[in-house]
Amino acid sequence: MSMAPAPRALFTSPLAAASTGSRWKIRLDASVMLSKGKESLLIPDNAQVISSSVVDRCPHRSEIQSVALAEGEDDCLILGTVDSYGHLIVSRLDIVADDIDRTSYSVPPRDCGVGEGSWAGVCFSPMQQSMVAVARQLCKTIDIYDQDIHVRSLRTLWYPSSFSFVQYSPHVNESSSLLATAEGSQLSIWDLRMNNNGGCVHRITGSVGDIIYSTCSSPSGLIASGGTDRAVTIYDPRRWSALSRWVGCSKFEITGLAFSSVDESFIYVQGVDYEITCGHWKQSERAFSFRGDSNWLGFSKCANNDVIAGWCESGSIFIADARQL
């Protein structure tokens, strides 16, 4: 799942999964007062679904594994979807209209989809909208594209489970060329400008037996990782060292991470269960949390504000606007 900016408070609405994408417009009332339970647990209210539609711009033949949204020009969103065989479809969607005939392109997998399907991921470069990366788990590859033109392939040592372009502030670096990848118990850093060692410039190895399931980057370039050790580790790529480690921030394995857009000293943590937690990673303190009605299937945060959502096994979506808290 992925989100476009709009929500106002904490609500829930149904959703179904298939080999096509769905689009939902939900009425969110900012005047609704949220109630809290024990340990700062937020209690959601129901939301009204204004409209829903199937996005015909991504007709995949197999199950969609990942969805990514990026802000485009002329009030458009850039939608990227990838299926279990690595087939990438990128299209432009109008924020207001249900569906319009915008520029769209499709990129087949490098091996023509031969073999067994597996998890695949997609992410856009925050600095260059035309650049998109596609990861395939069983193939141990990350392919970089400039629109539909293949730029290069990165070969991982282990099966990739999460990856993200490393963001930088304009005063640090004008273009983002680093890619952080979680593969097994290692966090690998790749520089798209380098050819030595296949482009891999650094590897950070975790504890033996611990698997990293999620990684993300802050606007200033900090990198966070988490997994089976139920801890969030923050790295500084300028020194390749750990700045902080928040131990026990989740009751179960961590499968989703996102830095706060308001204050990057806060981070959102999704566990494999039904809880999402926001906390101060420097002080290892929890700020608030909320729960779904079943285990999470997906988790996402808006790129430019602190609106977060989780999709549950029951088919419900829980949305929270942290600015209202």
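With salt bridges taken as basic N to acidic carboxylate O contacts below 4.0 Å, none links Asp146 and Arg152.
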Item to check | Verdict with supporting geometry, Asn304 and Glu71, side-chain hydrogen bond (donor to acceptor under 3.5 Å, both in side chains) | outcome: CA-CA 10 Å; Asn304 55 357; Glu71 293 188 7; 2.9 Å; yes
Checklist entry - Can Trp190 and Ile144 be said to form a side-chain contact (heavy atoms from CB on, under 4.5 Å), step by step? => result CA-CA 12 Å; Trp190 306 76; Ile144 310 298; over 6 Å; no
Next on the checklist: Does Cys216 form a side-chain contact (heavy atoms from CB on, under 4.5 Å) with Phe259? I'd like the steps, not just the answer.
Outcome noted: CA-CA 7 Å; Cys216 68; Phe259 280 98; 3.6 Å; yes
Next on the checklist: Between Ser218 and Glu264, does the side-chain hydrogen bond (donor to acceptor under 3.5 Å, both in side chains) criterion hold? Intermediate values first, please.
Outcome noted: CA-CA 7 Å; Ser218 74; Glu264 68 175 28; 3.3 Å; yes
Item to check | Intermediate values then yes/no, side-chain contact (heavy atoms from CB on, under 4.5 Å), Ser188 and Gln186 | outcome: CA-CA 6 Å; Ser188 58; Gln186 297 183 355; 5.7 Å; no
Checklist entry - Passes salt bridge (charged side-chain N to carboxylate O under 4.0 Å, His left out), Lys282 versus Asp263? Steps please. => result CA-CA 12 Å; Lys282 291 182 179 179; Asp263 185 353; over 6 Å; no
Item to check | Verdict with reasoning, Phe165 to Met131, per side-chain contact (heavy atoms from CB on, under 4.5 Å) | outcome: CA-CA 10 Å; Phe165 279 98; Met131 180 172 291; 4.1 Å; yes
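Side chains of Ser250 and Arg230: no donor on one and acceptor on the other come within 3.5 Å. If you check the side chains of Gln147 and Ser130, you find no donor sitting under 3.5 Å from an acceptor.
Both Phe290 and Phe299 sit in one connected hydrophobic cluster of ILVMFWY residues. Membership requires side-chain heavy atoms under 4.5 Å apart, directly or through other members. When hydrophobic clusters are built by joining Ile, Leu, Val, Met, Phe, Trp and Tyr residues whose side-chain heavy atoms come closer than 4.5 Å, directly or via intermediates, Val122 is grouped together with Val90. Note: the hydrophobic cluster containing Ile204 also contains Val166 (ILVMFWY, side chain heavy atoms under 4.5 Å, direct or indirect links). Ile276 and Phe288 fall within the same hydrophobic cluster, where Ile, Leu, Val, Met, Phe, Trp and Tyr residues are linked whenever their side-chain heavy atoms come under 4.5 Å apart, directly or through other members. Taken together through direct or relayed side-chain contacts under 4.5 Å among Ile, Leu, Val, Met, Phe, Trp and Tyr, Leu243 and Leu257 form part of one hydrophobic cluster.
A 4.5 Å side-chain heavy-atom check between His87 and Ser106 finds at least one atom pair inside the cut-off. Residues Ile308 and Ile319 are not in side-chain contact: their nearest non-hydrogen atoms beyond the backbone lie 4.5 Å or more apart. Using a 4.5 Å heavy-atom cutoff, the side chains of Glu253 and Asp273 are not in contact.
The nearest pair of heavy atoms linking Ile142 to Ala135 is CG1-CB, 3.9 Å. Ser66 approaches Trp119 most closely through the heavy-atom pair OG-NE1, 3.9 Å. The shortest non-hydrogen separation linking Ala287 to Phe266 is CB-CE2, 4.1 Å. Ser314 and Asp293 make their closest contact through OG-OD1, 2.6 Å (heavy atoms, listed as atom of the first residue, atom of the second, distance). The two residues Trp246 and Arg286 make their nearest non-hydrogen contact at CZ2-N, 4.1 Å. Of all heavy-atom pairs spanning Ser164 and Cys123, the tightest one is CA-SG, 4.4 Å.
Note that Lys301 lies outside the cation-pi zone of Tyr268, set by a 6.0 Å cut-off to the ring centre and a 45° limit from the axis.
Remark: side-chain polar atoms of Asp306 are paired, donor with acceptor, to backbone N or O of Ser261 under 3.5 angstrom. Looking at Gln137, its side chain does come within 3.5 Å of a backbone N or O of Pro160 through a donor-acceptor pair. No donor-acceptor distance shorter than 3.5 angstrom exists from the side chain of Trp158 to the backbone of Ser185, with no hydrogens or angles considered. Put simply, the side chain of Ser214 never gets that close to the backbone of Ser162: no donor and acceptor are under 3.5 Å apart. The backbone N or O of Ile211 lies less than 3.5 Å from a partner atom in the side chain of Thr228, making a donor-acceptor pair. Asn197 contributes no side-chain N or O that, together with a main-chain N or O of Gly199, makes up a donor-acceptor pair within less than 3.5 Å.
Screening Thr141, Asp143, Leu192, Thr181 for a side-chain contact (heavy atoms from CB on, under 4.5 Å) involving Leu154 leaves a single residue, Leu192.
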